[in-house]
Amino acid sequence: MELLRTPEAMRAWADGRRAGGVRIGLVPTMGYLHEGHASLVRIAAARGCGKVVASIFVNPAQFGPGEDYEKYPRDEARDLATLRAAGTSAVYLPGVADMYPDGYQTYVEVGDVSQGLCGAARPGHFRGVATVVAKLFLAAKPHVAVFGEKDYQQLAVIRALARDLDFGIEIVGAPIVREEDGLAMSSRNAYLKGDDRIAARCLSRGLFRAKALFDGGERDAGKLVAAARKEIKAEPRAALNYAEGRDPVTLAPLSGEVAAVTILVAARVGPARLIDNVTLGT
Ligand code: PAF
């Protein structure tokens, strides 16, 4: 497994693989990897990528003032072991000064899908995500890039980015991987201790409740969302940020009778801001 620490090294690696006719898969991450990330590497390989490169970069541009950039968990040695075990060919680990050198001034803004939900709660977040992902695409030159569906709005933003800027990269969404008790895997789960870890189950519990209603025939988006919201609000350690029903593709707000809906939730539990979602009817 090769370690590449600069955009120049990443580009040279990608050019070499492309010259050899190899299909490149990219798995962008911020490190502190879990089984969900390992599944992304395997999914890229299963999509016919002869080489899979994972990036590890905690991107300061996507954290707002007062957010957890400084304390975001980091463990490079463990991450490299996880990636090696998952069959990763190369790891791109640029430094902040490599990505944003003095004088850096170019940012990418994606329109409607960046608005609302986490875009409203975290101003500038998706501008930072779109910018760094564009830079990762340009350095790693992948044919395929795989992102987890847990960050559902992020995935929609990246699909728009890849399409609108003609990257010619296939964007693949990968199913959420959950802990045994239903909690969606996330690097930020490391912040959850004791009662907060137990309380965090309320997000997935709410979504599973909505799914059970949908499976039982309920099609009213408002009622499905209300069921998820109720579970989260009933948990005293959780502060609900949002619970919304959106179109699974466009993320446009939905109400009334629906054939398909994605329910997205965000809540703070102790020190952690958690998100989760479920898509019903597709
Ligand atoms: O989902 C993440 O870990 C990050 O937002 C990403 C896509 C790697 C961009 O920094």
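Atoms within a ligand are numbered from 1 in the order they appear, just like the ligands themselves. Both backbone and side-chain heavy atoms feed into the values below; hydrogens, waters and symmetry mates do not. Everything quoted here is computed from the prediction, not taken from an experiment.
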- Does Q154, backbone or side chain, put an N or O under 3.5 Å from an N or O of ligand 1?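 Yes, since at least one N or O of Q154 sits under 3.5 Å from an N or O of ligand 1.
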- Query: F214 ring centre to R219 NZ or CZ under 6.0 Å, with the angle to the axis within 45°?
  - Reply: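 Checked: cation-pi criterion met.
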- Item | Ring-face cation contact, F167 with K141, 6.0 Å cut, 45° max | no
Give the atom numbers and elements of ligand 1 that come within less than 4.0 Å of a heavy atom of [X].
X: V132; answer: 9 (C), 10 (O)
X: P28; answer: 8 (C)
X: T29; answer: 8 (C)

- Message: Treating D68 as the side-chain partner and K71 as the backbone partner, does any N or O pair qualify as donor plus acceptor under 3.5 Å?
- Response: no
- Task: Please name all residues satisfying side-chain hydrogen bond (donor to acceptor under 3.5 Å, both in side chains) with R47, sequence neighbours left out, ordered by chain then number.
- Result: E170
- Given M30, Q62, H37, which one has a non-hydrogen atom that is nearest to atom 10 (O) of ligand 1? Q62
- Sequence neighbours excluded - side-chain hydrogen bond (donor to acceptor under 3.5 Å, both in side chains) pairs with any residue from residues 101-117: E109-R127
